[in-house]
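These values consider heavy atoms only, across backbone and side chains, with no hydrogens, waters or symmetry-generated copies. Chain naming here is simple, since letters A, B, ... match the order of the sequence lines and numbering starts at 1 in each. If you're wondering where the values come from, they're calculated on a predicted model, not measured in any experiment.
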Amino acid sequence: KAGVTQTPRYLIKTRGQQVTLSCSPISGHRSVSWYQQTPGQGLQFLFEYFSETQRNKGNFPGRFSGRQFSNSRSEMNVSTLELGDSALYLCASSFDRADTQYFGPGTRLTVL
Amino acid sequence: AQSVTQLDSQVPVFEEAPVELRCNYSSSVSVYLFWYVQYPNQGLQLLLKYLSGSTLVKGINGFEAEFNKSQTSFHLRKPSVHISDTAEYFCALHQGGSEKLVFGKGTKLTVNP
């Protein structure tokens with residue numbers, strides 16, 4: 001089976017812009033979770049989607065949002081980018097909510 | 001609230017030496033425990049997991065971990081490391097019924113020749 005794919009792998013944006021990241025889960029997986037990884041804060045949970053519904057959200061401002069499509073693919077959006085949003089954004093998929101999560105390669109976002 | 005503590009931020013070892021990466025967790029309910037490895041510029045790869053049953057769990061690349069409920073620990077071990085094991089290792093817990101993983105801060109393992 002193909003693994004979790006994320007596009008794009010690298011992004012450079014400037015402050016104030018918005019960005020959309022994409023994640024395609026492993027075939028058959030219905031749950032998609034997003035995490036932010038920074039040197040200072042480590043790995044932090046952003047949100048999780050299952051059957052097109054957000055079921056859990058981490059402690060991030062409303063500028064961070066996401067959605068899931070009927071084919072389980074997910075996107076996350078960050079509006080009004082700040083320098084502190086520079087991070088590796090990781091997507092993980094699992095068959096169901098309590099199952100093992102498998103991660104994609106991540107999208108490296110740099111905000112200038 | 002659940003938390004994961006990785007006691008060592010960096011662990012240098014020589015090739016073919018044994019290594020133990022320590023992980024302690026805090027949770028008021030039963031949890032599932034995981035070790036992930038991250039190579040430079042890559043995502044997280046699952047090494048092994050403890051869901052239930054035998055407390056000694058074997059994973060990929062010769063790694064194993066032991067779940068100790070009384071000490072709330074889940075230490076990762078390998079009897080003989082290779083240069084290729086140089087990476088960052090993350091311990092994580094997943095509370096039953098919850099969607100999210102809670103990660104430790106990571107341990108950078110450096111294997112020297």
Side-chain angles (χ1 to χ4, degrees), chain A residues 3-7 9-10 21 23-26 29-51 53-60 66 68 74 87-110, chain B residues 1-10 21 23-25 27 29-53 57-60 63 65 67 74 87-108:
Chain A
V4 178
T5 58
Q6 292 186 246
T7 56
R9 292 292 312 278
Y10 301 92
L21 314 181
C23 171
S24 292
I26 292 170
H29 284 191
R30 301 177 295 174
S31 173
V32 173
S33 298
W34 289 88
Y35 296 82
Q36 181 196 64
Q37 185 179 24
T38 59
Q41 299 299 317
L43 282 150
Q44 294 185 287
F45 172 77
L46 278 157
F47 29 65
E48 187 259 355
Y49 287 86
F50 181 87
S51 293
T53 301
Q54 186 184 92
R55 294 193 299 190
N56 199 357
K57 191 177 191 317
N59 189 25
F60 280 83
Q68 187 180 34
S74 177
L88 180 67
Y89 290 89
L90 292 163
C91 166
S93 78
S94 61
F95 180 73
D96 202 342
R97 63 185 307 187
D99 289 325
T100 302
Q101 294 184 20
Y102 296 90
F103 285 79
T107 294
R108 172 77 61 186
L109 172 64
T110 302
Chain B
Q2 316 102 303
S3 66
V4 177
T5 302
Q6 292 184 243
L7 297 158
D8 305 298
S9 60
Q10 297 190 54
L21 306 184
C23 172
N24 286 90
Y25 70 92
S27 177
V29 297
S30 62
V31 296
Y32 304 140
L33 292 160
F34 304 82
W35 276 98
Y36 287 88
V37 60
Q38 186 175 37
Y39 299 101
N41 300 314
Q42 293 189 28
L44 300 177
Q45 180 182 1
L46 180 67
L47 269 180
L48 48 79
K49 59 186 176 183
Y50 172 78
L51 305 181
S52 64
V57 180
K58 293 190 183 298
I60 62 171
F63 284 94
F67 171 65
F74 190 55
E88 190 157 19
Y89 293 78
F90 292 92
C91 181
L93 72 78
H94 194 195
Q95 182 180 319
S98 168
E99 300 90 354
K100 70 175 185 179
L101 283 167
V102 175
F103 286 91
K105 292 290 188 185
T107 298
K108 288 186 179 175

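Considering only residues two or more places apart in sequence or on other chains, A:K57 meets the side chain to side chain donor-acceptor pair (under 3.5 Å) condition with none of them. Every ring pair (Phe, Tyr, Trp, His ring centres under 6.0 Å) that A:F45 has, sequence neighbours left out, goes to A:Y35.
No part of A:Q44 comes within reach of chain B, as not one of its non-hydrogen atoms sits under 4.5 angstrom from that chain. Only the side chain of B:L46 comes within less than 4.5 Å of a heavy atom of chain A; its backbone N, CA, C and O stay farther away. For A:L46, no part lies under 4.5 angstrom from a heavy atom of chain B. Contacts between A:D99 and chain B at a heavy-atom distance below 4.5 Å involve the backbone alone (N, CA, C, O). Residue A:S33 touches chain B through its side chain alone, counting heavy-atom pairs closer than 4.5 Å.
Smallest separation of non-hydrogen atoms from A:Q101 and B:Y36: O-OH, 2.7 Å.
Atoms OG1 and CG, from A:T100 and B:L51 in turn, are 5.5 Å apart once rounded to the nearest 0.5 Å. Within the model, atoms CZ of A:F103 and CZ of B:F90 stand 10.0 Å from one another, a figure rounded to the nearest 0.5 Å. Put simply, CG on A:L43 and CG on B:L44 are 5.5 Å apart, with the number rounded to the nearest 0.5 Å. Of the inter-residue distances, the one linking A:L90 atom CG with B:Q38 atom CD reads 6.5 Å to the nearest 0.5 angstrom.
Within a 6.0 Å sphere centred on CG of A:D96, heavy atoms belonging to other residues, nucleotides or ligands number more than 12.
In terms of non-hydrogen atom pairs under 4.5 Å with chain B, the most contact-rich of A:Q6, A:R55, A:R108 is A:R55.
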